[in-house]
There are 2 protein chains.
Amino acid sequence: MASTTEENYLKALFNLSNPAGEVGISELAQHLQVSMPSANSMVKTLHKSGLLIYEKYKPVTLTQKGKKEAALIIRKHRLTEMFLVNKMGFGWEEVHEIAEQVEHIHAPKFFERMDEMMGHPTVDPHGSPIPDKQGRIQEMHFKSLAEVQPGQEVVLVALRDSSIEFLEYLNSRQLSLGTELRLISKEAFDESIVVSYLDSEKETLSQKVCEKLLVKIYESNKSSH
Amino acid sequence: MASTTEENYLKALFNLSNPAGEVGISELAQHLQVSMPSANSMVKTLHKSGLLIYEKYKPVTLTQKGKKEAALIIRKHRLTEMFLVNKMGFGWEEVHEIAEQVEHIHAPKFFERMDEMMGHPTVDPHGSPIPDKQGRIQEMHFKSLAEVQPGQEVVLVALRDSSIEFLEYLNSRQLSLGTELRLISKEAFDESIVVSYLDSEKETLSQKVCEKLLVKIYESNKSSH
DNA sequence: GTATTTTGTTAGATTATTCTAACAAAGGAA
DNA sequence: TTCCTTTGTTAGAATAATCTAACAAAATAC
């Protein structure tokens with residue numbers, strides 16, 4: 001069975017994979033805050049276990065087996081986050097650190113029970129999809145708020161950044177998943193955006209923020225159903 | 001911070017302590033299923049951290065600091081077991097293994113929240129006391145069923161053995177904490193006992209079993225309140 | 001198309017935890 | 001007391017994960 005360290009490498013590889021599925025060693029090392037030789041050495045170990053493809057001086061690629069293992073750890077992480085928020089009353093900014101530890105617990109029934117108690121949720125508290133028991137992931141292709149045109153109405157459905165800092169920023173603006181936003185105007189100069197939400201408060205959001213907010217175009221007043 | 005391995009040694013030392021607080025190295029090694037040199041080496045490490053007192057060729061003793069650390073890990077273990085049973089619907093025979101992993105999580109809020117959600121329970125699902133936040137333990141001094149005289153009525157309040165095998169045995173007899181038992185007779189030859197409980201079923205319990213069942217003398221028909 | 005920077009590799013050491021083999025102290029039995 | 005068993009210790013090696021220093025390949029820059 002994979003050690004906690006190996007599991008953390010798998011997760012990192014999964015998350016860092018570019019569309020071609022490749023990850024460079026230095027990228028990996030940086031993400032995990034270890035030296036390149038450490039990453040290099042672990043990559044060789046994972047290669048021997050058939051979890052990734054490794055050739056000298058080339059970026060590495062997870063195998064099917066590696067991807068599945070990674071996805072199942074991410075499943076445990078996201079189920080835990082959702083459980084902490086929905087069943088234990090934590091805020092969405094508090095759960096990552098705890099889930100980072102709980103995800104390494106080997107106890108299928110424990111996570112099964114969480115899943116059941118929540119009625120098989122499909123996304124975590126930040127809107128990221130929860131892989132299924134086979135490790136399959138439902139990729140979502142949401143637009144970011146930065147791509148939306150003035151006048152449109154949208155619902156906040158997911159985040160591209162789940163750092164505590166960003167989540168606390170959103171908390172301070174009373175922005176949460178499900179919040180309906182109307183895009184009032186866009187400033188051509190710096191691409192900042194003015195939105196209204198929650199009983200017509202008005203708020204300016206920087207482009208940096210907008211890019212991290214994933215939304216669904218809201219079609220309440222169109223022929224959508 | 002203590003590693004998971006160190007935490008497991010502390011817990012073992014705490015549980016193996018005799019009334020004088022002493023534990024032999026071989027006893028420790030056996031309990032943790034490691035060789036004596038391993039135990040010896042770890043004992044020296046814990047000594048250097050001020051968690052126990054070590055002198056060559058003598059049994060070791062936890063310091064106050066060591067006792068507190070151990071008790072706080074046991075607190076996390078027992079809170080987890082209780083949470084798994086009360087809030088997640090697990091059976092008392094399923095929770096030990098899971099708690100064995102969860103107890104090593106470093107996230108005070110996580111356990112605080114469990115504690116709150118359950119209304120600050122004082123015992124775990126097997127009747128063992130949950131140490132408080134300061135690591136203080138409320139020692140209970142229950143009698144075992146083997147010490148009770150025929151004719152007496154008692155309530156099952158705790159167990160001396162929480163192995164899966166024993167718990168499954170109790171399940172198969174519908175014995176659980178809170179069950180009221182009337183002691184019908186005691187066989188002098190092998191000290192086995194005949195009891196009735198739950199709508200007057202009759203059941204014979206071996207001495208081996210009786211010694212593991214901790215009870216409170218039931219005083220329903222006396223001047224007790 | 002050479003020079004420089006970035007990226008990746010090897011060698012060798014370190015720390016934590018474990019082991020086996022060999023030996024030493026303590027304690028009970030004869 | 002002397003012997004034997006149990007218990008505890010030391011030495012030395014193994015594995016997992018990490019590091020630094022030194023070097024090699026690939027990519028980029030001009």
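Naming: A, B, ... by sequence-line order, numbering from 1 per chain. Remember, it's a predicted structure, so these values are computed and weren't measured experimentally. Hydrogens, waters and symmetry mates play no part in the numbers below; they use all other heavy atoms, side chains included.
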Rounded distance (Å) that lies between atom [atom2] of [N] and atom [atom1] of [X]:
{"X": "B:Leu46", "N": "C:dA16", "atom1": "CG", "atom2": "P", "value": "12 Å"}
{"X": "B:Leu32", "N": "C:dA16", "atom1": "CG", "atom2": "C1'", "value": "16 Å"}
{"X": "A:Glu22", "N": "C:dT7", "atom1": "CD", "atom2": "P", "value": "15 Å"}
{"X": "A:Tyr57", "N": "C:dT7", "atom1": "OH", "atom2": "C1'", "value": "9 Å"}
{"X": "B:Leu10", "N": "C:dT17", "atom1": "CG", "atom2": "P", "value": "11 Å"}
{"X": "B:Lys56", "N": "C:dA24", "atom1": "NZ", "atom2": "C1'", "value": "10 Å"}
{"X": "B:Ile25", "N": "D:dT10", "atom1": "CD1", "atom2": "P", "value": "11 Å"}
{"X": "B:Glu7", "N": "C:dT17", "atom1": "CD", "atom2": "P", "value": "11 Å"}

Could you verify whether a donor N or O on one side chain and an acceptor N or O on the other, from A:His96 and A:Glu100, lie under 3.5 Å apart? yes
[N] OP1/OP2 closer than 4.0 Å to side-chain N/O of [X]:
{"X": "A:Lys44", "N": "C:dT10", "answer": "yes"}
{"X": "B:Tyr9", "N": "C:dT18", "answer": "yes"}
{"X": "A:Tyr54", "N": "C:dT9", "answer": "yes"}
{"X": "A:Ser38", "N": "D:dA17", "answer": "no"}
{"X": "A:Ser41", "N": "D:dA17", "answer": "no"}

Look at all strands and tell whether [X] reaches a base, only sugar-phosphate, or nothing, counting heavy atoms closer than 4.0 Å.
{"X": "A:Lys58", "value": "nothing"}
{"X": "A:Ser26", "value": "sugar-phosphate"}
{"X": "A:Ser35", "value": "base"}

State which residue, out of A:Asp132, A:Asp124, A:Asp115, fulfils the salt bridge (charged side-chain N to carboxylate O under 4.0 Å, His left out) condition with A:Arg78. A:Asp124
Which nucleotide, [options], lies nearest any side-chain atom of [X]?
{"X": "B:Glu6", "options": "C:dT17, D:dT10, C:dT10", "value": "C:dT17"}
{"X": "A:Met42", "options": "D:dT18, C:dA24, D:dT10", "value": "D:dT18"}
{"X": "B:Val34", "options": "C:dT9, C:dT18, D:dG8", "value": "C:dT18"}
{"X": "B:Asn40", "options": "D:dT20, D:dA26, D:dT10", "value": "D:dT10"}
{"X": "A:Pro37", "options": "C:dG8, D:dT20, C:dT20", "value": "D:dT20"}

Inspect the surroundings of [atom1] in [X] and state if more than 12 heavy atoms from other residues, nucleotides or ligands are less than 6.0 Å away.
{"X": "B:Lys186", "atom1": "NZ", "value": "yes"}
{"X": "A:Glu97", "atom1": "CD", "value": "no"}
{"X": "B:Glu112", "atom1": "CD", "value": "yes"}

Flag the pair A:Glu116 and A:Arg113 as a salt bridge only when some basic side-chain nitrogen lies within less than 4.0 angstrom of an acidic carboxylate oxygen. yes
